[in-house]
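Order of the sequence lines sets the chain letters (A, B, ...), proteins ahead of strands, with each chain counted from 1.
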Protein chains: 4
Amino acid sequence: MPKVGMKPIRRKALIDATIAEIGQTGSLDVTVGQIAKRAGMSSGLAHHYFGGKEQMLLAAMRQILTNLQLRVRTNLRHAETPLQRVHAIIEANLDACNFDPDVVASWLTFYVQAQNSAEAQRLLHVYARRLYSNLVVNLSHLLEQPHAEHTARGLGAMIDGIYIRHALEHNAPNRDQSVEIVRDYLDLQLSKIRDQ
Amino acid sequence: MPKVGMKPIRRKALIDATIAEIGQTGSLDVTVGQIAKRAGMSSGLAHHYFGGKEQMLLAAMRQILTNLQLRVRTNLRHAETPLQRVHAIIEANLDACNFDPDVVASWLTFYVQAQNSAEAQRLLHVYARRLYSNLVVNLSHLLEQPHAEHTARGLGAMIDGIYIRHALEHNAPNRDQSVEIVRDYLDLQLSKIRDQ
Amino acid sequence: MPKVGMKPIRRKALIDATIAEIGQTGSLDVTVGQIAKRAGMSSGLAHHYFGGKEQMLLAAMRQILTNLQLRVRTNLRHAETPLQRVHAIIEANLDACNFDPDVVASWLTFYVQAQNSAEAQRLLHVYARRLYSNLVVNLSHLLEQPHAEHTARGLGAMIDGIYIRHALEHNAPNRDQSVEIVRDYLDLQLSKIRDQ
Amino acid sequence: MPKVGMKPIRRKALIDATIAEIGQTGSLDVTVGQIAKRAGMSSGLAHHYFGGKEQMLLAAMRQILTNLQLRVRTNLRHAETPLQRVHAIIEANLDACNFDPDVVASWLTFYVQAQNSAEAQRLLHVYARRLYSNLVVNLSHLLEQPHAEHTARGLGAMIDGIYIRHALEHNAPNRDQSVEIVRDYLDLQLSKIRDQ
DNA sequence: AATGAATGAGCCTTCATTCAT
DNA sequence: AATGAATGAAGGCTCATTCAT
């Protein structure tokens, strides 16, 4: 009995299972069998819907990046001034759901994957670029262009640094502390121009 | 070709080969065979001197952390004021030799390894703790204690963030830009107290 | 070539191949590859169906012990008096099929395996216990209880001794001679009580 | 500083270490390294004195068989009548020192080794033949020749059976019970002829 | 659509053995 | 005499992938 339209359902289940499995094992050494089992299907079917393990990992990566982007957009919808928009971006990137251990572990593996996969590298590049340009666009209303770019780079580094620390230190700054650190940095950059 | 006292020589060669191989392949998926071959010996010998793959990876990790610490100490020797000492620490952590692609790639794999190896986790913890306390000790001469701690956390996150970006973006901020970003952050924190 | 329900078929083939291979090489140093090849499949599949080498060896052991038990039961079905039942047990244990060189070689390796495998030890223990209690139950109709136990121990030792000799001496007593030796021992024990 | 006459000392140490190591690990899977270490020397030296692992195992086997033979001879020295001599042989074979766990484990491995080594097979053959003819010679003074041979075979099987049970059952009949079982068998055989 | 049977390459590890010193 | 450095073959096991059903 051929079921139709299973493709998106199966793919979704596999992507979720991939993230969950990476989160649980804490490494890229997840097997297709483990993922498929968690998703409630055979390993053969996983290949059928994704064509290979790398494709599955990339799909999981895309899902996480897409979620992040959605969060950014949602946050931006309620922001009106450039400053509010910068705050919205920071908070989206440090959103609670990104601190989900599964997601944090997945990020780490994406970095590793990017070392050997052009597509993974491209995806991470897109993420970094998007964060950077989002920040610059809004900061340039508040700061000189070079200063805006400088600040965007600093914010990006801080966000990634906080993130990576969460991947391994269980007593790393929590979400609220993290936001405070980053916003404080932003405030200082903004106050710098005003002081001069 | 001396036949006695080879142990330290072989271990050194293997550690170097491990870092080089991780750097070249960009992943933890380096085989003992590859490493041994690069070090100019058989895989059996690698096991003989290290007892296993994990031990080799941990030894490589220790080597990198030790190098970093040495650099910090060397830099501190020429620093006299607390401010100079903080600068020395930052610069040691962002030293050119840490930007060696092999070293950067190794760092990344260490993060991954730490997810599953208690010893790797411990080593990273020691690194983070040492950086933090080094910074706090010196910053507390310049700032109120809570502010010093806050700043140390921010600096640590920034350093790690810059580092991680280097592991994947070949057009990430270079060494000089990186130092500038971090020192600027430090300056702002220091100026904050003076402005009040 | 059916593609479903292969598990019992494959397992059976592997167990048979294990016994045959042990019989042919005469040691526990049979490789999974050899066994799998003899069973007409890849080594990977052997692991798939058994999970590991030890499991395969244990399964072969169980098979031999089960066969022995079946033989005992079959023989007992045609026995009516206690004496007939004791004879039936002896003959089952010295049955021709147990003198199959493969089976004899396997026994030997089981003894070795039992030195390091709790499960193998348990299986041999069950075998020895079953033989003993089977003998005691029936002998106690013919002899005083302590005498029955003593005789059961003697019979057990003799049976095992004959067996082990077969594992290495090709001119050890053959099946008929063996049965005669054991039955003679039994007769003497039984006549002892009558003479008194 | 070349030491002379080390050969017998080293060989003795290695043989003892071999038996001890087999006894401790309970299997033939002892490595030359383990044995050499236990004997207080390098693995290279072990090879130098024995030429290979198999030679070492065979030497250990010879040592145990020689010990057994010495014990038989010693016991026979105090025996005068044929019956005493048969008793002496039985007791030598079931001597306490043969029940040393190390020795028992070694025996088992010798059986296994005999499956693949012509020399090991020969040694075991010599042992069995010697035991058999020793018994027959003395029994033939007490029984008809065929009956003596029959009894010798039965005694041999019993002795080996008791032995093998000790290799795996820790609650097997102890030394005294074992002697009793075997002597009882002997008594019955002897009484058989008298009764007729 | 879905299964799981099947393969085979590859990895880590162990070990007997050789050899330079 | 003695060491332990060094090799290389082999084994158990895993796993992505393919394929017949």
Side-chain angles (χ1 to χ4, degrees), chain A residues 1-7 9-10 29-37 40-57, chain B residues 1-7 9-10 29-36 40-56, chain C residues 1-7 9-10 29-36 40-56, chain D residues 1-7 9-10 29-37 40-57:
Chain A
M1 60 186 103
K3 299 173 191 173
V4 292
M6 291 300 285
K7 191 159 184 174
I9 297 171
R10 292 297 197 185
D29 293 339
V30 288
T31 71
V32 173
Q34 283 165 13
I35 295 170
K37 188 175 184 181
M41 69 193 84
S42 70
S43 69
L45 201 53
H47 272 88
H48 180 246
Y49 281 121
F50 275 105
K53 186 181 186 178
E54 190 176 349
Q55 307 288 327
M56 278 172 60
L57 292 173
Chain B
M1 195 189 305
K3 280 291 177 180
V4 289
M6 292 301 283
K7 191 159 184 172
I9 298 170
R10 293 299 198 183
D29 293 339
V30 288
T31 71
V32 173
Q34 283 165 14
I35 294 170
M41 68 192 84
S42 70
S43 69
L45 202 54
H47 278 90
H48 177 72
Y49 283 120
F50 273 105
K53 186 182 186 177
E54 189 176 349
Q55 307 283 330
M56 278 173 59
Chain C
M1 195 191 302
K3 281 290 177 177
V4 290
M6 293 301 283
K7 190 158 183 172
I9 298 171
R10 292 300 199 185
D29 293 340
V30 288
T31 72
V32 173
Q34 283 165 13
I35 295 170
M41 68 192 86
S42 70
S43 70
L45 202 54
H47 278 92
H48 178 72
Y49 283 120
F50 273 105
K53 186 182 186 178
E54 189 176 350
Q55 307 284 329
M56 278 173 59
Chain D
M1 62 186 101
K3 300 175 191 170
V4 292
M6 291 301 286
K7 192 159 184 173
I9 297 171
R10 292 298 199 185
D29 294 340
V30 288
T31 71
V32 173
Q34 283 165 13
I35 294 170
K37 189 174 182 181
M41 69 193 82
S42 71
S43 67
L45 201 53
H47 272 87
H48 179 247
Y49 281 120
F50 275 105
K53 186 183 186 177
E54 190 177 349
Q55 307 288 326
M56 278 172 60
L57 292 173

Reported CE-to-NE2 distance for the pair C:Met56 and C:His47, which is rounded to 0.5 angstrom
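The distance works out to 8.0 Å.
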Nearest-0.5 Å distance that lies between atom NZ in C:Lys7 and atom NE2 in C:His48:
7.0 Å
Phosphate oxygens OP1/OP2 of F:dA5: is one of them under 4.0 Å from a side-chain N or O of B:Tyr49?
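Yes.
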Do any side-chain nitrogens or oxygens of C:His48 fall under 4.0 Å of OP1 or OP2 in E:dA5?
yes
Pick the nucleotide of DNA chain E nearest each of D:Gly51 and C:Lys7; which residue has the one closer to the 5' end?
C:Lys7
Nearest-Å distance, [atom1] ([X]) to [atom2] ([N])?
X	N	atom1	atom2	answer
B:Gln55	E:dC12	CD	P	14 Å
D:Glu54	E:dC15	CD	C1'	16 Å
B:Met41	F:dT7	CE	P	8 Å
A:Met56	F:dT17	CE	P	10 Å
C:Leu45	F:dC15	CG	C1'	14 Å
C:His47	F:dG12	NE2	C1'	5 Å
B:Ile9	F:dA6	CD1	P	9 Å
A:Lys37	E:dG4	NZ	P	12 Å

[X] has a side chain; which of [options] sits nearest to it?
X	options	result
A:Met6	F:dG8, E:dT13, E:dA1	E:dA1
B:Ser42	F:dT7, E:dC11, F:dA9	F:dT7
C:Arg10	E:dT13, E:dA6, F:dC13	E:dA6
B:Lys53	F:dT17, F:dG12, E:dT13	E:dT13

What heavy-atom pair brings A:Ala36 and A:Ala46 nearest, and what distance separates the two atoms?
CB-CB, 4.2 Å
Tell me the closest heavy-atom pair linking C:Lys53 and C:Val30, and the distance in Å.
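Heavy atoms of C:Lys53 and C:Val30 come nearest at NZ-O, 2.6 Å.
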Could you tell me the Watson-Crick or G-U partner of F:dA1, where both distances fall under 3.5 Å? Say none if there is no partner.
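With both distances under 3.5 Å required, F:dA1 matches none.
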Name the pairing partner of E:dA16, where a pair is Watson-Crick or G-U wobble with both distances under 3.5 Å, or state none.
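Per the H-bond distance test, F:dT7.
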Closest nucleotide of DNA chain F for C:Gln34 versus for B:Ala46: which of these residues is on the 5' side?
B:Ala46
